[in-house]
Number of protein chains: 2
Amino acid sequence: MTQVDLAPKSCSNCPIRPRAICSRCTDEELNELDKIKYYKTYAAGSSVVLMGDPMTFVASVVAGVATLSRSMADGRMQMVGLLLPSDFIGRPGRETASFDVTAVSELTLCHFHKKPFEKVTQTTSHVQERLIEIALDELDAAREWMLLLGRKTAREKIASFLLICARRLGSREGEGLRLELPLTRDAMSDYLGLTIETVSRQMAALKRDGVLVLEGTRKITIPDLNRLLDEAGDDSDGVTLA
Amino acid sequence: MTQVDLAPKSCSNCPIRPRAICSRCTDEELNELDKIKYYKTYAAGSSVVLMGDPMTFVASVVAGVATLSRSMADGRMQMVGLLLPSDFIGRPGRETASFDVTAVSELTLCHFHKKPFEKVTQTTSHVQERLIEIALDELDAAREWMLLLGRKTAREKIASFLLICARRLGSREGEGLRLELPLTRDAMSDYLGLTIETVSRQMAALKRDGVLVLEGTRKITIPDLNRLLDEAGDDSDGVTLA
DNA sequence: TCGAGAACTTGATCAGGATCAAGGTTTCCA
DNA sequence: TGGAAACCTTGATCCTGATCAAGTTCTCGA
């Protein structure tokens, strides 16, 4: 596989700065971070860490899509987070991974060695603040997702997922919104607590009912975002999935 | 209702200090906190805050049990957190509540006015650190719960819930473990993403199969914790619900 | 101690989504 | 460019947990 190295050469041309853990860092602080960071690219489908592995780093997603998931002994699994560019991976103060992290597409991470990074958080209060913000945003998103998993119908689950993707990845096109789904049907089913067959059927139903237009299997157009919002049930204040 | 005021007179006799947000505070810092805090007791069943309400405080649970929940327009609801003594409520840096908070039993909270509390977190690094720890622990618990909601059977859900209660509330008794359930069957169903009838039936089934002994409707004994662990599916590393 | 309401249990039936099974597309590389 | 594998769709059937409907057992105040 020819693999283009997508790593930015330095923080100055980094595409995710505004939302990342380092968003409020001064040039000087960035220089400090530079000493403890390294970029690495993972192939689509490869594993970044497995549950129980020692975690020697934390990282930011620079490009691509990763998933956080948890499995049961008999093979049942549930995705518990979707990691898009600027999202943060890892947990200062914890030695081993609590979940599996998997690259879904080709994935570039900006890694920080954990020990020195912890020193930075302890001494740099705005990094610590940013970390709290990130953790609390993810907590809100996780709880929102609990409502989805526990109480929503299959159709509502699909609509909610499309809504998240539309908000985070969509681009306006005339009346509607255009986007490319970041996940396969299979990964969608893992995320939504459904089977792949149910995902496929509900996508077909939403298409039949004019809620979305499919072009191939990943490219979709949402002609009317409010219609989709209705279908999603009760996402009144907007899901902002971590 | 005769209502005994359970509020401790001061931090020195506070039962939840070791695990609370103020666990690492010096006496001096406690004096500072003392100026911005107040105790308040809520009757069982009463609402502490509703989603969308302005949040003017953060708080620690001192005694009793509260729930965090989220509802849909048509009445469906999902509990997204169970708050036991020492757990923290609220989110610095957010103006309105993202979820409903309800007192399940008589509940005593130690409130801190939000604005001055935010000042404390900004200037006291170990409070900020404790806040990160708490948020990340809750995030882990929420993600663990997502696996339960998305993939576990009704029987496994009940067993997982009992396991959490046993770990956090149980006391050893001979071979087994004894505890009083903190929730009604109805609240359990909200928590587990089930109906009350299913909860009742599965409790009966677990009793029939000797996994638990019921005494009345809330007092239970677990003769064999490992047996319960098996029934819960895959809680290998231990659920520590926030 | 009685009575009313809340909390809980149990039974019968139903339905949404899982499972089993087969076939159709797309992608990718040899 | 052809073939295999991955990915996706569609159909038939099944099963777990929801829903509907009575009862029963607690709890607590009068």
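When reading the values below, keep in mind they use all heavy atoms of this one structure, side chains included, and skip hydrogens, waters and symmetry mates. Here is how names work: the chains are called A, B, and so on, in the same order as the sequence lines, proteins then strands, and each is numbered from 1.
Side-chain contact between A:Thr41 and A:Leu107: absent, with no pair of heavy atoms (C-beta onward) separated by less than 4.5 Å. No side-chain heavy atom of A:Asp100 sits less than 4.5 Å from a side-chain heavy atom of A:Leu68.
Under the side chain to side chain contact (heavy atoms under 4.5 Å, CB included) criterion, B:Thr153 pairs with A:Arg76, B:Arg155, B:Glu156, sequence neighbours left out. Here A:Phe112 pairs with A:Phe117 under the ring-ring contact (aromatic ring centres under 6.0 Å, His included) rule; sequence neighbours left out. By the side chain to side chain contact (heavy atoms under 4.5 Å, CB included) test, B:Thr217 pairs with B:Arg185, sequence neighbours left out. Residues passing the side chain to side chain donor-acceptor pair (under 3.5 Å) test with B:Arg201: none are found, sequence neighbours excluded. In this structure, the side chain to side chain contact (heavy atoms under 4.5 Å, CB included) partners of A:Val211, at least two apart in sequence or on a different chain, are A:Leu206, A:Asp209, A:Arg227, A:Leu228, A:Glu231. In terms of the side chain to side chain contact (heavy atoms under 4.5 Å, CB included) criterion, A:Ser200 has no residue partners (sequence neighbours excluded).
Across the protein-nucleic acid pair, A:Leu214 atom CG and C:dG24 atom C1' stand 16 Å apart, rounded to whole Å. Distance A:Lys152 NZ to C:dG17 C1': 18 Å, rounded to the nearest Å. Here D:dT16 presents its C1' atom at 11 Å from NZ of B:Lys157, a figure rounded to the nearest Å. Atom CD1 in B:Ile220 sits roughly 13 Å away from atom P in C:dC8 (whole-Å rounding). Between the CG atom of A:Asp186 and the P atom of D:dA6 there is a distance of 12 Å, given to the nearest Å. Separating the CZ atom of A:Arg155 from the C1' atom of C:dG16 is a distance of 14 Å, rounded to the nearest angstrom. Atom CD1 in B:Ile158 sits roughly 10 Å away from atom P in D:dG17 (whole-Å rounding). Separating the NZ atom of A:Lys219 from the C1' atom of D:dC8 is a distance of 16 Å, rounded to the nearest angstrom.
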Please tabulate, one pair per line, each protein N/O and nucleotide N/O from nucleotides 24-28 of chain D that are separated by under 3.5 Å, including the distance.
none

Identify each atom pair where a protein N or O and an N or O of nucleotides 2-6 of chain C are less than 3.5 Å apart, giving names and distance.
none

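Non-hydrogen atoms lying under 4.0 Å from DNA chain D are contributed by B:Gly193, B:Leu194, B:Thr195, B:Glu197, B:Thr198, B:Arg201, all within residues 193-207 of chain B.
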Donor-acceptor contacts, no H, no angles, side chain residues 43-58 of chain A, under 3.5 Å, sequence neighbours left out:
from, atom 1, to, atom 2, distance (Å)
A:Ser46, OG, A:Ala43, N, 3.4
A:Ser46, OG, A:Ala43, O, 2.7
A:Asp53, OD2, A:Leu50, N, 2.9

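Listed by first and then second residue, the salt bridge (charged side-chain N to carboxylate O under 4.0 Å, His left out) pairs that reach into residues 172-182 of chain B are B:Glu173-B:Arg178, B:Arg178-B:Glu215, sequence neighbours excluded.
Rounded to 10 degrees, the angle separating the terminal helix axes of the helix from C:dT1-D:dA30 to C:dA30-D:dT1, each built from five base pairs, is 40°.
A salt bridge does not link A:Glu138 to A:Arg143: none of the charged nitrogens lies less than 4.0 Å from a carboxylate oxygen. The pair B:Asp87-B:Arg168 counts as a salt bridge, with a side-chain nitrogen and a carboxylate oxygen less than 4.0 angstrom apart.
Side chain to side chain, B:Thr108 and B:Lys40 fail the donor-acceptor criterion of an N or O pair below 3.5 Å.
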